[in-house]
Protein chains: 2
Amino acid sequence: MSRVPPTVPPAAASLPVTVDVVALTVRDDALQVLLVERAVEPFRGALALPGGFVLPGEGLVDAATRELAEETGVTPPGHLEQLRTYGPLDRDPRGPVLSVAYLLAAPHFGVVEAGSDAAAAAWRPVAEVLPRKSADGGVGSGQGAARAVLAFDHARILADGVERTRSKLEYSALGTAFCADEFTVTDLRRVYEAVWGVRLDPRNFSRKATGTPGLLEETGRTTAGGTGRPAALYRAARPVVRPAGALGDGGGPVPALIDPPLLRPAARPPE
Amino acid sequence: MSRVPPTVPPAAASLPVTVDVVALTVRDDALQVLLVERAVEPFRGALALPGGFVLPGEGLVDAATRELAEETGVTPPGHLEQLRTYGPLDRDPRGPVLSVAYLLAAPHFGVVEAGSDAAAAAWRPVAEVLPRKSADGGVGSGQGAARAVLAFDHARILADGVERTRSKLEYSALGTAFCADEFTVTDLRRVYEAVWGVRLDPRNFSRKATGTPGLLEETGRTTAGGTGRPAALYRAARPVVRPAGALGDGGGPVPALIDPPLLRPAARPPE
DNA sequence: TCAAAAGTGTTGAATGTACACCCATGG
DNA sequence: CCATGGGTGTACATTCAACACTTTTGA
């Protein structure tokens, strides 16, 4: 085989590719995920992660943000990173489809509209959507809320996204991505508590957070109006920007690694 | 579910998909990567990660192991996990191509043959292939060995694989995947030293490794023939098998998490 | 008996955790 | 002045890092 024409390889090797977004936020002291109700046929009416097919000439991150905008009406702030890739076999009734999943950690934003392929979009507590995988055996029936079943393999993708989020809180500044532009140490602590499902000592957490280089940036301002002593307001320390090489993805800002890590306490029941 | 058109979506959304494998091992106290010399045109003659196009009806892991076998002649033991996905834009001169990269951590195995699309396959020290990204500025000229340039965006994929390996050594049993079936604590320590590029205290490492649950399994046997006191032989503790859901990939054995983590010492120059 | 490698004991430093205590504000 | 939440000081337990020392082999 001497010369290879500068064309793409045999079309037989091509696969339809989708992106799916695990968009997480913390609201009402609970970790919540953005889900849509599918308006089109495979799994029509079921809950699903926002996502859709990558268009020709489009990059993966572009596709992820476009689908999010189309199905929820917003282009939110927050940190977007690739989660992993699923498929192509045995995950879509239509045939082999590859799906690249993304994780979005964002402060709470309102869902503006239901878009093209989605009948409705709304935040749902992760605990209501995912069966608890405790060794307890049972599915830990929520309080009356019908267990929603997710389309495709989205339950597993969501579980992977939640697990990634939990572990990245320990050793990166990802937690600040869930907070608004300016936030207090208590805001950040509530993020940790909601994601890990534990209670943290406010005094030790404060020392740890303010003493960790690369995590917080002082604004000099404080809260006002609330009860109790005003709290100092911080911004997220400037994200580390990874030098983008010749790549079709990533290369964007990445939450800084924090050292020493904020270790998650030994798993103890939330009550 | 009423009726589902069992057709795949518009063909325009399809992309050629490749898998690339970052196969790492530790030999001669150095982290080494398996590279092939490309025999076909895009980047013909250049070094590249083994890999190739996913075939119709094939899963990603199947494609990765097949390409490895075709280009190196072996189906090695070791731990295979997905790294991340690259593309599809601006990474292949032939046009948009999506690449799903896999990481293989394996004990040293001989390269049997040069296969179909590869003119040669051989282990190369990572330090000779990747420019050191130290803040020193310079490219840290190796000792005379010409800096090999990798095809496509494989330098970045390799860098990501090496970084993943370095960090997973801290909190998982991945290090044992680089060792043979039975190995000593010193063997395992040399893996850590090679991957991290540091020296570790043999006495403290021994205590830490043998005292970490889920890492080592005693065989009751010891080495013989060498100089000095014989060392106890261990096997890797049984890998944790993740319950495979309805997914086209993964679900295989995963190295156990180890706790407390074996922390990498603060970066100090290897000398 | 010596060299070499494996493995154990011990000690001071650093870190994490629990909690007493002080600070600043609104009512 | 009291309730409420923010923030600091401090003491105990645990862990880590360095290294003296013992054990077990081959030469």
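A note on names: the letters A, B, ... follow the listed sequences, proteins ahead of strands, and every chain is numbered from 1.
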- Note on the structure: Atom CG of A/Asp201 and atom P of D/dG7 are separated, to the nearest Å, by 14 Å

- Euclidean distance, atom CG of residue A/Asn204 to atom C1' of C/dT15 [Å, nearest integer]: 12 Å

- Query: With B/Arg164, which residues qualify under salt bridge (Lys or Arg N to Asp or Glu O under 4.0 Å), at least two apart?
  - Reply: B/Glu81

- Query: Is the side chain of A/Asp153 donor-acceptor paired with the backbone N or O of A/Arg156 at a distance under 3.5 Å, no angle test?
  - Reply: no

- Taking CG from B/Leu200 and P from D/dC19, how many angstroms apart are they, rounded to a whole number? 15 Å

- Task: Please examine the side chains of A/Tyr192 and A/Phe178, heavy atoms only from C-beta on, and report whether any two atoms are closer than 4.5 Å.
- Result: no

- Task: Measure the distance from CZ on A/Phe183 to C1' on D/dG6 and round it to the nearest whole Å.
- Result: 16 Å

- Query: What's the CZ-C1' distance between B/Arg189 and C/dA5, to the nearest Å?
  - Reply: 10 Å

- Message: Judged by each residue's nearest nucleotide on DNA chain C, which is more toward the 5′ side, B/Thr186 or A/Arg207?
- Response: B/Thr186

- Query: Less than 4.5 Å apart, any side-chain heavy atom of B/Asp160 and any of B/Leu103?
  - Reply: no

- Distance col, row B/Leu104:CG vs B/Thr65:OG1, nearest 0.5 angstrom, shows 10.0 Å

- Message: If I take atom CG in residue A/Leu188 and atom P in nucleotide D/dG5, what distance separates them, rounded to the nearest angstrom?
- Response: 19 Å

- Could you check if a side-chain atom of B/Glu218 sits within less than 4.5 angstrom of a side-chain atom of B/Tyr234, using non-hydrogen atoms only? yes

- What is the distance from CZ of A/Phe205 to P of C/dA18, rounded to the nearest Å? 15 Å

- Task: Check the distance between C/dC23's C1' and A/Arg203's CZ and give it to me in whole angstrom.
- Result: 14 Å

- Message: Just to be sure I understand the geometry, which residues of residues 221-234 of chain B put a non-hydrogen atom under 4.0 Å away from DNA chain D?
- Response: B/Gly226, B/Gly228, B/Arg229, B/Pro230

